[in-house]
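Single-structure report; data block below.
We name chains A, B, ... by the order of the sequence lines, and we start the count at 1 in each one. All of these numbers come straight from a predicted model, not from anything done at the bench.
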2 protein chains.
Amino acid sequence: MKHETIRRSFEDFLKTKGLRLTRQRSRIFEKAFATHDHFTAETFLGWLGEEDVPKPERVSRATVYRTLGLLTDGGFLELLDVGSGEAHYEHVIGHKHHDHLICSSCSRIVEFMDQRIEDLQEEIARSHGFELTHHDLRLMGICKSCRRKAK
Amino acid sequence: MKHETIRRSFEDFLKTKGLRLTRQRSRIFEKAFATHDHFTAETFLGWLGEEDVPKPERVSRATVYRTLGLLTDGGFLELLDVGSGEAHYEHVIGHKHHDHLICSSCSRIVEFMDQRIEDLQEEIARSHGFELTHHDLRLMGICKSCRRKAK
DNA sequence: GTATATGCAAACTGTTTGCAGGTGA
DNA sequence: TCACCTGCAAACAGTTTGCATATAC
């Protein structure tokens with residue numbers, strides 16, 4: 001999906017909800033889609049702080065939290081719970097569904113997706129009478145380079 | 001596994017670590033193994049508060065948190081992250097490894113275990129050079145009775 | 001013009017910690 | 001005895017919220 005397309009769909013989303021396209025929302029939106037990495041609200045705030053922009057473009061902590069929530073509601077970001085206590089986000093462009101391998105030692109996050117597991121999950125949910133809305137699979141372990149270092 | 005056996009192993013655990021068997025730890029241990037349900041620290045505190053015990057048996061919030069952590073370290077409890085912001089615990093007796101189906105509507109938690117998924121997880125981790133230590137699979141959806149109610 | 005957003009700081013939730021006094025081995 | 005524990009209250013981290021002011025439409 002092209003950046004312009006999703007930007008447009010963000011503007012539509014705001015319009016439909018009767019919300020306004022403010023400088024802050026615009027800046028947060030652009031920033032969130034400018035990286036392919038996962039980020040937390042605080043990391044994000046750091047990124048914004050690095051840029052030296054004139055006062056009317058500045059974004060407060062409260063607005064970052066509010067807007068990340070908004071983008072998540074709208075389906076532009078996805079919440080990723082890595083179990084660290086902080087909410088991690090990732091944007092949704094060119095990011096088909098995937099799960100995560102997390103290195104307990106260096107916190108590196110590797111994405112993967114396995115259709116066989118996806119299918120089994122559906123099967124299991126069905127057999128328990130659940131209608132699946134989403135799922136979250138985290139594999140925790142030690143990555144190759146950390147194992148090497150440990151020796 | 002019999003209750004007595006695990007109680008013994010808890011006492012051994014304390015001894016090995018040079019820790020003491022206090023009234024508080026004993027009470028928390030018994031309570032944690034008296035239910036088969038998941039619980040949070042605050043729920044647990046509530047349970048303890050319901051019982052009218054003499055002062056030396058009373059347990060403070062700090063001690064509940066400390067002791068649940070201790071029991072988790074010792075492998076007597078398992079941490080279950082249901083994504084609600086609070087830590088949920090479940091004890092380990094007669095509870096082989098399993099994953100969870102969570103109803104987004106009524107919060108009901110159903111346990112399941114599927115060896116085919118377990119095997120695939122190992123395979124995926126290996127193929128990415130990870131050595132798996134544990135994993136966490138949560139399937140979120142709407143359970144049968146909530147779907148029925150919704151209609 | 002006016003409803004919606006923002007920034008600020010204060011509130012909140014779940015959890016951890018420092019310290020003075022209590023207690024199990 | 002004395003290291004380990006506990007209770008208390010204060011600290012903490014991440015996040016949310018109330019309110020006065022600013023701004024998009």
| message | In terms of relative ring orientation, are A/H100 and A/H98 parallel, tilted or perpendicular, with 30° and 60° separating the classes? | response | perpendicular
Margin query: Can you see whether B/H97 engages B/E78 through a side-chain donor-acceptor pair at a distance of less than 3.5 angstrom?
Written below: no
Under a 4.0 Å heavy-atom cutoff, the residues of residues 61-70 of chain A touching DNA chain D are A/R61, A/A62, A/Y65, A/R66
Review point. Considering only heavy atoms and no angle criterion, is a donor-acceptor pair shorter than 3.5 Å present between the side chain of B/R20 and the base of D/dA3?
Key: yes
Sorted by position of nearest nucleotide on DNA chain C, 5' first, the leading residue of B/R23 and B/E86 is B/E86
Picking from C/dT6, D/dT15, C/dT2, the nucleotide nearest the side-chain atoms of A/Q24 would be C/dT6
To the nearest angstrom, the NZ-P distance between A/K15 and C/dT4 comes to 16 Å
Between OH of B/Y89 and P of C/dG14 the distance, given in whole Å, is 13 Å
Checklist line | Any donor-acceptor N/O pair, B/H134 side chain to A/L139 backbone, under 3.5 Å | finding: no
Whole-Å distance, A/R25 CZ to D/dA24 P, equals 11 Å
Between CG of A/L45 and P of D/dT15 the distance, given in whole Å, is 11 Å
Here the distance between atom C1' of D/dA22 and atom NZ of A/K55, to the nearest Å, is 13 Å
| query | Should the pair A/F76 and A/F33 be assigned to parallel (<30°), tilted (30 to 60°) or perpendicular (>60°) ring geometry? | reply | perpendicular
Exam field: side chain A/S127 to backbone A/I124, donor-acceptor pair closer than 3.5 Å: yes
DNA chain C nearest-nucleotide lookup for A/E57 and B/A41: closer to the 5′ end is A/E57
A/T22 has its side chain closest, among C/dA25, C/dT6, D/dG14, to C/dT6
With a 3.5 Å distance limit and no angle check, can you tell me whether A/T22 reaches the backbone of A/R25 through a side-chain donor-acceptor pair?
yes
- Query: Can you find a side-chain donor-acceptor pair between B/R27 and B/T63 that sits under 3.5 Å?
  - Reply: no
From CD of B/E42 across to P of C/dT16 the rounded distance in Å is 11 Å
Closest of D/dG7, C/dA5, C/dG7 to the A/L19 side chain is C/dA5
On DNA chain D, more 5' by nearest nucleotide between A/L21 and A/H88 is A/H88
Rounded to whole Å, the CG-P distance (A/D81 to D/dG14) equals 14 Å
Against the side chain of B/S60, the closest entry in C/dG7, D/dC8, D/dC25 is D/dC8
